[in-house]
Amino acid sequence: MKPPAGGTTRLLYGAGLAAALLLPAAAPAQAEPPSRTPAALPAADGAKGQELPGMPTVLDPRAEAVVCTPASKEKAKKQDWSRQRLDLDRLHRHTTGAGVTVALISTGVDPGAAGLEGRVTARGEAADDCVGQGTFLAGLIAGAGSTTPRLAGVAPGAKILALRGTDRRGQPDPALVTAAVRAATAAKADVIAVAVALPRKDAALTRAVAEARKAGAVVVAAATPDPPSRGSGDEIPSRTYWPAGEPGVLAVADMLPGGTRPDGALPTGTVDLAAPGAGVVSGGPRGKGHYLGGGVAVATAYAAGAVAAVRATHPDDPADAVTRRLTATAYPADIPQLDAYAAVTTVLGAAGAPAAGAERAADPVAVRDTSDTDRATGRATLFVLLGSAGVLSLLWAGFALSRARARGWRPAGTGATEG
């Protein structure tokens with residue numbers, strides 16, 4: 001399963017929806033490819049759209065001083081499309097992921113962040129999340145939603161073991177990732193979510209991942225980094241990123257509301273599952289407000305939360321069986337699309353194929369990002385131009401039509417589930 005090759009970071013969503021243009025910060029010479037700030041955030045509901053600041057993926061490496069992502073003063077008033085897409089309201093009636101520990105390897109997690117109190121273990125530098133992305137991702141995995149329960153994560157009863165896989169500015173470091181995987185294994189984490197993607201295979205990381213899998217952990221990893229800024233004529237060759245390319249690792253890519261990958265996404269043949277990765281709402285390490293984020297790391301967090309939910313519901317299933325369940329119950333597409341509710345509730349036959357299905361989510365809602373990161377932090381600026389809600393509705397309608405056609409026009413939940 002190979003996502004389409006892309007040569008730019010300009011995302012086009014239809015005639016009625018303007019492009020979202022990224023202006024990334026310059027990366028260090030060793031970075032391959034350079035990271036970007038923040039991920040492209042499509043979707044808005046016109047004049048009724050909520051305004052939330054964007055959550056960056058890295059801080060500006062050119063700045064002399066590290067200025068952390070400021071607290072958001074805004075709170076989301078709606079459940080975003082991604083949670084509806086994953087049927088989280090229904091999922092939480094079956095499981096909250098209680099008893100499962102998810103090791104999150106990212107920029108760190110603030111243990112006292114709103115909605116995460118009492119469920120995060122973070123020692124040393126892992127408790128200092130200057131960028132904010134790790135805390136944002138932890139909210140998607142195990143957040144309680146704070147004062148907004150419908151913005152809870154996939155497995156709000158799970159525990160988070162926060163581990164740093166980047167420097168303080170968010171730049172991935174192979175040695176830190178390797179050490180974090182080993183620490184997660186030593187702590188007997190049930191799920192290890194690696195939210196960064198490295199461009200080179202590393203022998204020490206290969207051994208660490210193999211040891212984690214031998215110990216029974218399900219390893220979930222970002223299939224690619226988020227794309228760098230490139231000229232519109234540049235071609236980016238397909239390649240494998242790590243540790244997503246290691247045997248047995250569940251490699252995850254991001255998708256838009258219509259089910260497609262963003263235009264300009266880095267091409268790779270190493271993708272097992274796609275999950276929502278645009279226009280997603282979560283909290284951060286400072287304050288009680290919400291942010292809007294996106295990218296492959298966001299999709300990886302959602303998949304890790306789904307794994308936690310499955311492990312809580314099917315505690316006797318070995319790691320490989322859990323991975324098979326996630327892919328077997330996914331929406332059928334060029335890249336199977338995560339269906340968290342179906343992964344937990346579907347009865348699998350003897351051959352591992354679904355024998356019963358699950359209901360699907362309602363129509364999505366959306367919020368918009370209007371953050372000016374230059375004004376607040378000195379990071380590179382993200383411009384998000386907004387379009388109409390009609391295009392988003394058309395994208396969703398097209399997706400629903402393809403789903404209906406795939407199941408032979410039968411109502412959802414009748415007969416066998418598509419696998």
Side-chain angles (χ1 to χ4, degrees), residues 55 57-58 97 99-144 152-168 170 172-173 176-198 205 208-209 212 217-223 225 243-244 249-252 254 275 277 280 282-285 291 293 295-312 340:
M55 174 58 70
T57 59
V58 295
V100 176
T101 297
V102 180
L104 175 59
I105 302 174
S106 182
T107 62
V109 178
D110 180 358
L116 289 170
E117 303 94 335
R119 290 197 303 286
V120 176
T121 299
R123 300 184 181 91
E125 293 185 349
D128 173 26
D129 185 12
C130 185
V131 178
Q133 190 190 38
T135 306
F136 184 95
L137 301 179
L140 300 179
I141 296 171
V154 182
K159 302 286 187 181
I160 295 288
L161 172 61
L163 298 163
R164 181 81 77 77
T166 72
D167 64 17
R168 197 161 185 256
D173 183 298
L176 290 177
V177 174
T178 300
V181 172
R182 288 175 174 160
T185 304
K188 299 182 180 180
D190 303 288
V191 186
I192 301 176
V194 186
V196 300
L198 303 170
L205 180 57
V209 170
V218 177
V219 182
V220 184
V249 173
L250 185 68
V252 184
D254 52 338
V280 173
S282 189
Y291 302 80
V296 186
V298 167
T300 302
Y302 267 145
V307 172
V310 169
R311 299 223 84 167

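These numbers come from the heavy atoms of this one structure, side chains and all, not from hydrogens, waters or symmetry mates. Positions are given from 1 along the sequence.
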Side-chain donor/acceptor of R311 to backbone N/O of V191, under 3.5 Å:
no
Measure across I105 and G165 and return the closest heavy-atom pair with its distance rounded to 0.1 Å.
CG2-CA, 3.7 Å
Can you tell me how far the CD1 atom of I160 sits from the CD1 atom of I141, to the nearest 0.5 Å?
4.5 Å
Over all heavy atoms of both residues, which pair between L137 and S106 is shortest? Give the atoms and the distance, please.
CD1-OG, 3.7 Å
Please report the interatomic distance NZ(K159) to OG1(T121), rounded to the nearest 0.5 Å.
7.5 Å
D254 vs V298 side-chain heavy atoms within contact, under 4.5 Å:
no
Can you check whether R164 reaches D173 side chain to side chain, under 4.5 Å on heavy atoms?
no
Nearest 0.5 Å, what's the CG-CD distance between L163 and E125?
12.0 Å
Given T135, T166, T57, D129, the one that forms side-chain hydrogen bond (donor to acceptor under 3.5 Å, both in side chains) with T107:
D129
Please report the interatomic distance CZ(R182) to CG(L205), rounded to the nearest 0.5 Å.
8.5 Å
Heavy-atom closest pair (Y291 atom, F136 atom, distance to 0.1 Å) is O-CE1, 3.6 Å
What residue among L104, V209, V218, T185 forms side-chain contact (heavy atoms from CB on, under 4.5 Å) with I192?
T185
Return the minimal non-hydrogen interatomic distance between P156 and A144, and the atom names on each side.
CB-CA, 4.3 Å
Provide the closest heavy-atom pair for A223 versus A251 in the form atom of the first, atom of the second, distance.
CB-CB, 4.2 Å
Can you name the nearest heavy-atom pair linking T300 to A222, along with the distance?
OG1-CA, 3.3 Å
